[in-house]
Asker: 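I have a structure I would like to understand better, so I am pasting it below and will then ask my questions one at a time.
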Amino acid sequence: MPELPEVETVRKGLLHLVKGKTIESVEVRWPRIIESPEIETFQRNLVNQTIEDVQRRGKFLIFKFTNFDMISHLRMEGKYDFDPNMQDTLDKHTHVIFNFTDHSRLFYNDVRKFGRMVLVPKDESSQYKGIKQLGPEPQPDVFYLETFQEKLKRSAKAIKPLLLDQKLVTGLGNIYVDEALWEAQIHPETPASALNESETTRLYQAIIDVLARAVEAGGTTIRSYANALGEAGTFQVSLNAYGQTDLPCPRCHTPIIKIKVAQRGTHYCPTCQKRKG
DNA sequence: ATTAATCCCTGGAGGC
DNA sequence: TGCCTCCAGGGATTAA
């Protein structure tokens with residue numbers, strides 16, 4: 001499940017492979033992947049467009065074309081595969097194919113079909129609703145402790161779902177939110193407003209640190225897929241809570257337990273992460 | 001306004 | 001072996 005570190009890893013891989021490539025044609029095999037504009041417009045607008053850059057905002061990839069921005073969200077299982085010279089074969093999960101003028105291709109594969117793409121005029125990706133509503137990137141130069149604490153103070157919502165909705169800070173998904181809460185020693189169901197200053201400070205630092213370390217490791221690989229960009233990450237060996245059910249907490253050796261919080265599987269240490277509020 | 005539930009999707013795992 | 005149910009979950013949408 002790509003979260004910020006995995007999307008960043010995909011971005012770097014894609015940039016290296018497709019920068020400078022020009023689109024000859026686009027095939028769409030599962031129309032719902034294209035959120036807007038209409039499929040025919042999406043395809044027609046991309047012809048003769050050159051990829052100048054591949055950027056990222058939160059978990060969204062942004063392909064910078066000559067005259068358009070293409071926003072792509074991988075959701076759960078979306079991935080890009082690059083085929084340098086017409087060697088690879090499509091499978092039933094290949095939903096969009098970008099054919100380049102040099103006869104290389106980029107496949108968008110997505111088992112669950114949750115991923116979405118949007119094409120907007122050049123430099124207007126920041127106006128796209130899904131991106132416009134995002135909170136800051138999890139870096140200290142744009143994500144401020146005081147603002148974070150003020151917002152937490154004003155919400156009665158449980159801390160985990162609050163961190164998942166991308167408005168306070170963007171980039172956390174189910175894996176890294178469990179990791180950040182473990183690191184900060186906070187119970188995932190704690191009402192945000194019940195956290196004291198010491199806890200919110202630890203949480204702020206944990207969010208920044210966990211995501212930075214995961215980016216450094218190239219993300220987390222839960223399942224491996226051959227030839228899939230961004231699937232070579234090694235952060236899975238550093239997980240302390242996520243997916244560690246019944247294994248000893250690395251800090252206190254109490255078995256990690258798993259519960260449901262806001263419909264999400266949630267892993268935490270019942271000793272280190274005491275419930276409060 | 002905020003917060004919770006529902007939906008989109010498929011494959012893999014486990015029960016019987 | 002085969003059929004069934006459950007589970008994985010990001011974010012848009014709908015409901016309360």
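Values below: every heavy atom of this structure, side chains too, minus hydrogens, waters and symmetry copies. Lettering follows sequence order; numbering is per chain, from 1.
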Asker: Would you tabulate the side-chain donor-acceptor contacts of residues 242-252 of chain A under 3.5 Å, counting partners in other chains and residues two or more places apart, or write 'none'?
Answerer:
residue, atom, partner, partner atom, Å
A:Gln244, NE2, A:Tyr242, O, 2.9
A:Arg251, NH1, A:Trp182, O, 3.1
A:Arg251, NH2, A:Trp182, O, 2.8

Asker: How close or far is atom P of B:dC8 from atom CE of A:Met117, stated in whole angstroms?
Answerer: 21 Å
Asker: Quick one: which residue pairs count as a ring-ring contact (aromatic ring centres under 6.0 Å, His included) with a foot in residues 191-210 of chain A, not counting sequence neighbours?
Answerer: A:Phe143-A:Tyr204
Asker: Have a look at A:Ala262 and say if it touches a base, only the backbone sugar-phosphate, or nothing, with a 4.0 Å heavy-atom cut-off.
Answerer: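 Result for A:Ala262 = nothing.
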Asker: When Ile, Leu, Val, Met, Phe, Trp and Tyr are grouped by side-chain heavy atoms lying under 4.5 Å apart, directly or through other members, which residues fall in the same group as A:Ile71?
Answerer: A:Phe60, A:Ile62, A:Val118, A:Val120, A:Tyr128, A:Ile131, A:Leu134
Asker: A:Arg112 has an atom CZ; how far is it from atom P of B:dC9, in whole Å?
Answerer: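 Rounding to the nearest Å, CZ of A:Arg112 and P of B:dC9 are 11 Å apart.
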Asker: Closer than 3.5 angstrom, by distance alone: can the side chain of A:Asp209 be matched with the main-chain N or O of A:Ala212 as a donor-acceptor pair?
Answerer: no
Asker: Within this structure, what is the CH2-to-C1' distance between A:Trp30 and B:dC9, rounded to whole angstrom?
Answerer: 8 Å
Asker: Select one nucleotide: of B:dC9, B:dT3, B:dG11, the one nearest the side-chain heavy atoms of A:Arg32.
Answerer: B:dC9
Asker: May I have the distance from A:Ile33 (atom CD1) to B:dC9 (atom C1'), rounded to whole angstrom?
Answerer: 10 Å
Asker: Give one of base, sugar-phosphate or nothing for A:Tyr176, where a contact means two heavy atoms less than 4.0 Å apart.
Answerer: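 Here A:Tyr176 touches no strand at all.
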Asker: Can you tell which of B:dT3, C:dA8, B:dC9 lies closest to the side chain of A:Lys113?
Answerer: B:dC9
Asker: Within the 4.0 Å limit for protein heavy atoms, which parts of nucleotides 10-16 of chain C are touched? Write it as a string from 5' to 3', B for base, S for sugar-phosphate only, - for none.
Answerer: BBSS---
Asker: What integer distance in Å separates A:Gln263:CD from C:dC6:P?
Answerer: 15 Å
Asker: Expressed as a whole number of angstroms, how long is the span from A:His93:NE2 to B:dT10:P?
Answerer: 9 Å
Asker: In the hydrophobic cluster built from side-chain contacts under 4.5 Å, what are the other members alongside A:Val47?
Answerer: none
Asker: Whole-Å distance between B:dT3 C1' and A:Lys151 NZ?
Answerer: 18 Å
Asker: Would you call A:Arg105 and A:Asp83 a salt bridge, using N to O less than 4.0 angstrom?
Answerer: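 The answer is yes: the pair qualifies as a salt bridge.
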Asker: Quick one: salt bridge (charged side-chain N to carboxylate O under 4.0 Å, His left out) partners of A:Glu8, sequence neighbours excluded?
Answerer: A:Arg11, A:Arg56
Asker: What is the nucleic acid contact for A:Lys167, judged by heavy atoms within less than 4.0 Å: base, sugar-phosphate only, or nothing?
Answerer: nothing
Asker: Return the 5'-most residue of the pair A:Ala158, A:Lys92 with respect to DNA chain B, ranking by each residue's nearest nucleotide.
Answerer: A:Ala158
Asker: Does B:dA4 have OP1 or OP2 under 4.0 Å away from a side-chain N or O of A:Lys260?
Answerer: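 It does not, given that no N or O in the side chain of A:Lys260 lies less than 4.0 Å from OP1 or OP2 of B:dA4.
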